[in-house]
Asks: 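Take a look at the following structure, please.
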Amino acid sequence: MSYWIGIGANLIFGLGHLVYTFFYFDALNEPSLWFFSCGLAVVFNIGLNILCVKECDELNYAMAMAANVILVLFSVVLAVVVTETQTVGFAVVSFYMCVVCYNYARKFRDCKNLPA
């Protein structure tokens, strides 16, 4: 259940980022495409985490965990550089997802043959 809460919170940030692109930028240019692509990256991260919940095998766990760790590193740097409420909130949600992914896989490690 806590995994789905994290996925939902991440989904709010990802879809919000995608939608906000059309309100913040007036034209289709390089900054608007970079901004939009960040939202896509979050949505793809959500897809990896959903895949880990539904089919938690070795490869899915490794991919979801790698994506979560990279997202945490990026979001913490972003929160330090851009000290706004939404960036700090995103860093907290990303860290939460990383911890939940690890705990979820650890819970099923014995029956799913996951790495220690």
Side-chain angles (χ1 to χ4, degrees):
M1 180 64 173
S2 60
Y3 210 145
W4 289 109
I5 292 170
I7 288 172
N10 231 357
L11 186 64
I12 290 169
F13 276 105
L15 293 179
H17 211 272
L18 293 173
V19 170
Y20 187 66
T21 303
F22 299 105
F23 293 102
Y24 186 71
F25 294 98
D26 294 332
L28 182 66
N29 53 21
E30 186 178 356
S32 67
L33 291 174
W34 277 109
F35 194 84
F36 190 80
S37 70
C38 289
L40 286 177
V42 173
V43 170
F44 288 134
N45 176 270
I46 294 164
L48 287 173
N49 282 291
I50 290 172
L51 190 60
C52 188
V53 170
K54 295 293 186 181
E55 285 293 324
C56 194
D57 64 4
E58 215 173 305
L59 179 62
N60 291 341
Y61 168 71
M63 293 300 292
M65 204 53 205
N68 286 334
V69 168
I70 291 168
L71 197 60
V72 166
L73 293 174
F74 173 77
S75 63
V76 167
V77 170
L78 180 67
V80 169
V81 173
V82 182
T83 54
E84 295 179 2
T85 306
Q86 66 270 18
T87 57
V88 173
F90 181 63
V92 169
V93 168
S94 297
F95 180 75
Y96 174 78
M97 282 296 298
C98 196
V99 170
V100 168
C101 180
Y102 176 77
N103 286 336
Y104 180 82
R106 195 179 86 186
K107 187 186 310 182
F108 295 103
R109 187 168 285 129
D110 294 332
C111 64
K112 296 277 187 172
N113 196 19
L114 291 174

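Positions are given from 1, in the same order as the sequence printed here.
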Asks: Of the non-hydrogen atoms in V72 and S94, which two are nearest, and what is the gap between them?
Replies: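 Result for this residue pair: CG2-O, 3.2 Å.
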Asks: Using modelled atom types only, decide if a donor and an acceptor are shared between the side chain of Y96 and the backbone of A91 within a distance under 3.5 Å.
Replies: no
Asks: Quick one: do V77 and F74 end up in the same hydrophobic cluster if we chain Ile, Leu, Val, Met, Phe, Trp and Tyr together by side-chain heavy atoms under 4.5 Å apart?
Replies: yes
Asks: Quick check: are there more than 12 heavy atoms from other residues, nucleotides or ligands sitting under 6.0 Å from CG of D26?
Replies: no
Asks: Is a side-chain N or O of Y104 found less than 3.5 angstrom from the main chain of Y3, in a donor-acceptor match?
Replies: no
Asks: Contact between L71 and N10 at the side-chain level, heavy atoms closer than 4.5 Å - yes or no?
Replies: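 A side-chain contact exists here, since the closest heavy-atom pair is under 4.5 Å.
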Asks: Can you check whether Y20 reaches F35 side chain to side chain, under 4.5 Å on heavy atoms?
Replies: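 In short, these two side chains touch, coming nearer than 4.5 Å.
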Asks: Does a side-chain heavy-atom distance below 4.5 Å link V42 with F90?
Replies: yes
Asks: Taking atom CG of N49 and atom CH2 of W4, what is their separation to the nearest 0.5 Å?
Replies: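 The CG atom of N49 sits 9.5 Å away from the CH2 atom of W4.
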Asks: Distance from C52 atom SG to M63 atom CE, nearest 0.5 Å?
Replies: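 Going from the SG atom of C52 to the CE atom of M63 covers 11.5 Å.
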Asks: Looking only at atom types and distance, does a side-chain atom of T21 sit under 3.5 Å from a main-chain N or O of H17, one as donor and one as acceptor?
Replies: yes
Asks: Do you reckon V92 sits in the same ILVMFWY cluster as I12, going by side-chain contacts under 4.5 Å, direct or chained?
Replies: no
Asks: Just wondering, do F36 and F25 contact through their side chains at under 4.5 Å, heavy atoms?
Replies: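 No, their side chains stay 4.5 Å or more apart.
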Asks: Mind checking whether I70 and V43 sit in one hydrophobic cluster, side chains of I, L, V, M, F, W, Y counted as touching below 4.5 Å?
Replies: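 No: no chain of side-chain contacts under 4.5 Å links I70 to V43.
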Asks: Atom CZ in F13, atom OG in S75: separation rounded to 0.5 Å?
Replies: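 Spacing of CZ (F13) from OG (S75) equals 9.5 Å.
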Asks: Applying side-chain contact (heavy atoms from CB on, under 4.5 Å) to I7 and M97, what does each step give before you reach the verdict?
Replies: CA-CA 7 Å; I7 288 172; M97 282 296 298; 3.8 Å; yes
Asks: How many angstroms lie between atom CG of L78 and atom CD of Q86, to the nearest 0.5 angstrom?
Replies: 9.0 Å
Asks: Kindly work out whether a path of hydrophobic side-chain contacts (I/L/V/M/F/W/Y, heavy atoms less than 4.5 Å apart) joins L40 to V19.
Replies: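 No, because L40 and V19 fall into different hydrophobic clusters, even though each may have its own neighbours under 4.5 Å.
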Asks: Can you find a pair of side-chain heavy atoms, one from V69 and one from C98, that are under 4.5 Å apart?
Replies: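 A side-chain contact exists here, since the closest heavy-atom pair is under 4.5 Å.
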Asks: Look up atom SG in C101 and atom OH in Y61, then write down how far apart they are to the nearest 0.5 Å.
Replies: 6.0 Å
Asks: Verify side-chain contact (heavy atoms from CB on, under 4.5 Å) between L28 and L33, making sure each step is shown before the conclusion.
Replies: CA-CA 7 Å; L28 182 66; L33 291 174; 3.5 Å; yes
Asks: Do side-chain atoms of T87 reach the backbone of E84 as a donor and acceptor pair under 3.5 angstrom?
Replies: yes
Asks: Determine, using the 4.5 Å side-chain heavy-atom cutoff (strictly less than), whether L51 and V100 are members of one ILVMFWY cluster.
Replies: no
Asks: Is any side-chain heavy atom of L15 less than 4.5 Å from a side-chain heavy atom of L18?
Replies: yes
